[in-house]
Amino acid sequence: MNYNAWFECDLGCKFPLTDIIYRCNTCDGLLQVQHDMDALKQRSADDWKSLFEERYMRTQYPYGSGVWGKKEIVCPIIDDENIISMYEGGTNLFWAERFGKQLGVSDLWIKQCGNSHTGSFKDLGMTVLVSMVKQIIAESGNIRAVMCASTGDTSASLAAYASAAGIPAIILLPKEKVTREQLIQPIANGALTLSLETDFDGCMAIVQRLAEREDFYLANSINSLRIEGQKTISIEIVQQFDWEVPDWVIIPGGNLGNVSALGLGFLMMLELGMIDKLPRIACAQAERANPLYRSYQTGFTEFKAITAQSTQATAIQIGNPVSIHRAIRTLQKFDGIVDQASEDELADAAARADRTGLFNCPHTGVALAVLIKMIERKQITKNDRVIVISTANGLKFPDFKVDYHNVTPNTPPPRYLNTPIELEANFDNVLRQIDKHLDV
Ligand SMILES: *Cc1c(COP(=O)(O)O)cnc(C)c1O
Ligand SMILES: [Zn+2]
């Protein structure tokens with residue numbers, strides 16, 4: 001069977017996926033990847049499920065990848081020899097049993113998307129984009145480099161995949177707004193790393209101008225090839241539950257490509273008959289970078305870009321999200337909600353959940369804080385199955401945790417503070433400390 005996919009704007013103009021194009025050249029609208037659904041429907045839902053099961057996390061390259069195991073519905077036109085895969089997806093669904101008990105819910109799961117090659121869920125989409133670039137180059141396209149503006153995770157992912165493909169990468173980062181760990185990733189992978197005195201939105205404005213040149217390929221999520229890879233999150237979650245659909249999915253949002261991708265995966269499964277209902281989606285924003293939340297407050301009738309203020313959730317510190325309209329459309333289809341978390345709320349939520357075995361990044365903290373509010377409001381009830389998307393590995397954000405577990409003079413200690421105790425290497429002292437700790 002031959003499956004096909006192409007870029008398409010809202011008005012129906014079509015372009016090949018190998019074109020270097022991000023907006024429709026007629027109406028300037030964003031492009032989405034469209035699939036030949038009629039061809040895909042020739043295969044039954046059960047046959048798709050068993051095909052995906054057969055390949056899942058096995059060794060036949062590249063089909064063991066959570067993304068490429070679903071190649072036909074992700075990006076069927078890429079030749080296998082052009083695929084750059086690092087075994088994306090296949091991440092653990094952590095049953096948050098203890099944390100859920102504390103909150104009064106029993107079916108709470110954290111999708112650990114940060115357990116990935118570069119430590120964030122951005123790898124899911126980047127494997128598709130970089131593989132396409134390799135295909136374009138192989139088909140004689142003249143691409144000199146791939147490039148992106150980033151809050152730290154997209155750049156790490158792009159640099160890794162580009163260097164595996166042998167394609168030069170150009171990274172634009174807001175100076176001092178990404179962690180040391182995120183900064184060193186593209187440097188180690190040999191990318192040209194430009195640290196600009198601006199914020200993410202400022203980097204984005206420059207990279208969009210660079211993208212007017214045909215020989216630079218833009219890897220930001222305005223490029224919907226990445227969305228195709230990211231949408232496998234929803235498919236993988238449902239697959240991990242033997243094809244049962246959860247009640248709620250909570251996801252942190254910044255540039256808002258991912259909330260749209262999450263929706264897309266569910267919609268595609270519904271259309272192919274693999275599922276028969278949709279979950280509800282909650283998008284979680286940092287209060288200091290909340291343009292979607294503000295729009296939600298107006299019933300999505302208005303949207304205003306804002307200047308994002310500094311937040312610990314740096315990967316979602318975005319005031320002018322490029323996928324705003326896609327995200328609103330998605331939330332409307334999924335009876336979705338938007339909520340926000342303050343700096344204290346996101347840090348406390350992350351730290352509280354850490355005490356039950358997790359090690360959360362600040363963005364996951366935003367999602368967990370929103371989870372707590374939704375339970376308090378009884379929007380989520382005891383037996384709802386809830387999935388929280390953990391978007392990055394906590395190890396990429398050590399200062400977030402170090403600063404939390406640190407006593408600062410003249411400020412009240414944080415609720416879940418834990419500090420190391422320094423003491424003499426003396427057996428009795430050590431035992432006394434242990435007893436004191438366990439007796440509390
Ligand atoms: C990219 C990113 C997000 C937000 O995804 P968007 O598509 O920009 O909304 C959240 N958390 C982390 C860790 C990210 O890297
Ligand atoms: Zn158009």
Side-chain angles (χ1 to χ4, degrees), residues 3 5 8 17 30-37 40-41 43 45 48-49 51-53 55-57 63 65-76 88-93 109-113 116 120-129 221 223-253 255-283 323 326-336 367 385-391:
Y3 300 107
E8 191 171 319
L17 292 182
L30 284 186
L31 299 173
Q32 280 224 54
V33 175
Q34 285 295 341
H35 290 262
D36 180 351
M37 294 303 289
L40 292 171
K41 283 179 198 165
R43 197 183 177 109
W48 281 123
K49 290 179 191 175
L51 180 68
F52 297 161
E53 302 267 8
R55 294 169 171 168
Y56 188 59
M57 297 179 85
Y63 295 95
S65 151
V67 172
W68 295 108
K70 302 171 176 72
K71 181 183 175 189
E72 292 83 355
I73 63 170
V74 169
C75 196
E88 305 73 26
T91 53
N92 175 34
L93 264 176
W109 304 79
I110 318 292
K111 177 66 172 159
Q112 295 281 59
C113 297
S116 176
S120 89
F121 71 159
K122 298 291 201 290
D123 292 348
L124 297 167
M126 205 55 81
T127 180
V128 177
L129 182 136
S221 60
N223 186 330
S224 55
L225 285 168
R226 276 183 50 208
I227 308 266
E228 291 303 295
Q230 298 292 143
K231 83 181 178 197
T232 60
I233 294 183
S234 17
I235 308 171
E236 188 167 289
I237 288 170
V238 173
Q239 181 176 358
Q240 284 172 308
F241 281 111
D242 289 330
W243 307 100
E244 279 178 22
V245 178
D247 296 296
W248 278 99
V249 184
I250 306 177
I251 184 169
N255 222 6
L256 305 178
N258 276 290
V259 63
S260 328
L262 185 74
L264 210 58
F266 284 111
L267 291 171
M268 197 155 191
M269 284 188 285
L270 189 69
E271 195 172 347
L272 293 176
M274 297 166 66
I275 57 174
D276 54 14
K277 61 167 192 172
L278 297 175
R280 293 185 71 187
I281 293 179
C283 186
S323 294
R326 287 202 271 228
I328 289 175
R329 226 180 299 160
T330 303
L331 288 166
Q332 286 171 333
K333 278 185 195 150
F334 284 77
D335 195 8
R385 176 169 292 164
V386 183
I387 318 292
V388 174
I389 308 290
S390 173
T391 49

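None of these values were measured; they are calculated from a predicted model. The analysis underlying the following values was restricted to heavy atoms, covering all of them including side chains, and did not include hydrogens, waters or symmetry mates.
- A tilted orientation is assigned to the rings of Trp243 and Phe52, their planes being inclined by 30° to 60°.
- With hydrogens and angles ignored, the 3.5 Å screen pairs a side-chain donor or acceptor of Thr232 with a backbone N or O of Gly229.
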Stepwise side-chain hydrogen bond (donor to acceptor under 3.5 Å, both in side chains) check, Glu88 with Ser65: CA-CA 5 Å; Glu88 305 73 26; Ser65 151; 2.7 Å; yes
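- Between Leu40 and Trp48 there is a side-chain heavy-atom pair separated by less than 4.5 Å.
- Side-chain atoms of Ser224 come within 3.5 Å of backbone N or O of Leu31 as a donor-acceptor pair.
- Using a 3.5 Å distance cut-off with no hydrogens or angles, the side chains of Lys111 and Gln240 do pair a donor with an acceptor.
- In this structure, the side chains of Thr330 and Leu262 stay at 4.5 Å or more apart for every pair of heavy atoms.
- For the pair Thr391/Ser120, no side-chain contact is recorded, criterion being any heavy-atom separation below 4.5 Å from C-beta on.
- The backbone N or O of Leu256 sits less than 3.5 Å from a side-chain atom of Ser260, completing a donor-acceptor pair.
- A centroid separation of 6.0 Å or more is found between the aromatic rings of Tyr56 and Trp68.
- Qualifying side chain to side chain contact (heavy atoms under 4.5 Å, CB included) partners for Ser390, counting only residues two or more places apart in sequence or in other chains: Ile110, Gln112, Thr364.
- Val259 pairs with exactly one of Leu331, Val249, Ile328 by the side-chain contact (heavy atoms from CB on, under 4.5 Å) rule, that one being Leu331.
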Intermediate values then yes/no, salt bridge (charged side-chain N to carboxylate O under 4.0 Å, His left out), Arg280 and Asp335: CA-CA 6 Å; Arg280 293 185 71 187; Asp335 195 8; 3.3 Å; yes
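- Checked against Glu244 for a salt bridge (Lys or Arg N to Asp or Glu O under 4.0 Å), the options Lys49, Lys277, Arg385 give a single hit: Arg385.
- In terms of modelled atom types and a separation under 3.5 Å, the side chain of Asn223 and the main chain of Leu225 share a donor-acceptor contact.
- No side-chain heavy atom of Val128 sits less than 4.5 Å from a side-chain heavy atom of Gln230.
- Side-chain contact between Pro279 and Asp247 is absent, with no heavy-atom pair separated by less than 4.5 Å.
- Residues Asp36 and Tyr3 form no side-chain contact, since every pair of their non-hydrogen atoms from C-beta on lies 4.5 Å or further apart.
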Stepwise salt bridge (charged side-chain N to carboxylate O under 4.0 Å, His left out) check, Lys41 with Glu72: CA-CA 11 Å; Lys41 283 179 198 165; Glu72 292 83 355; over 6 Å; no
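- At a threshold of 4.5 Å between non-hydrogen side-chain atoms, the residues Lys70 and Glu228 do not count as touching.
- Once rounded to the nearest 0.5 Å, the distance linking OG of Ser116 with CG of Leu124 reads 6.0 Å.
- A side-chain donor-acceptor contact under 3.5 Å links Arg55 to the backbone of Gly69.
- Side-chain contact between Val386 and Pro246 is absent, with no heavy-atom pair separated by less than 4.5 Å.
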Audit row: Arg326, Leu264, side chain to side chain contact (heavy atoms under 4.5 Å, CB included) steps and yes/no: CA-CA 10 Å; Arg326 287 202 271 228; Leu264 210 58; over 6 Å; no
Ile233 and Phe121: CA distance, side-chain angles, deciding distance, side chain to side chain contact (heavy atoms under 4.5 Å, CB included) verdict: CA-CA 9 Å; Ile233 294 183; Phe121 71 159; 3.7 Å; yes
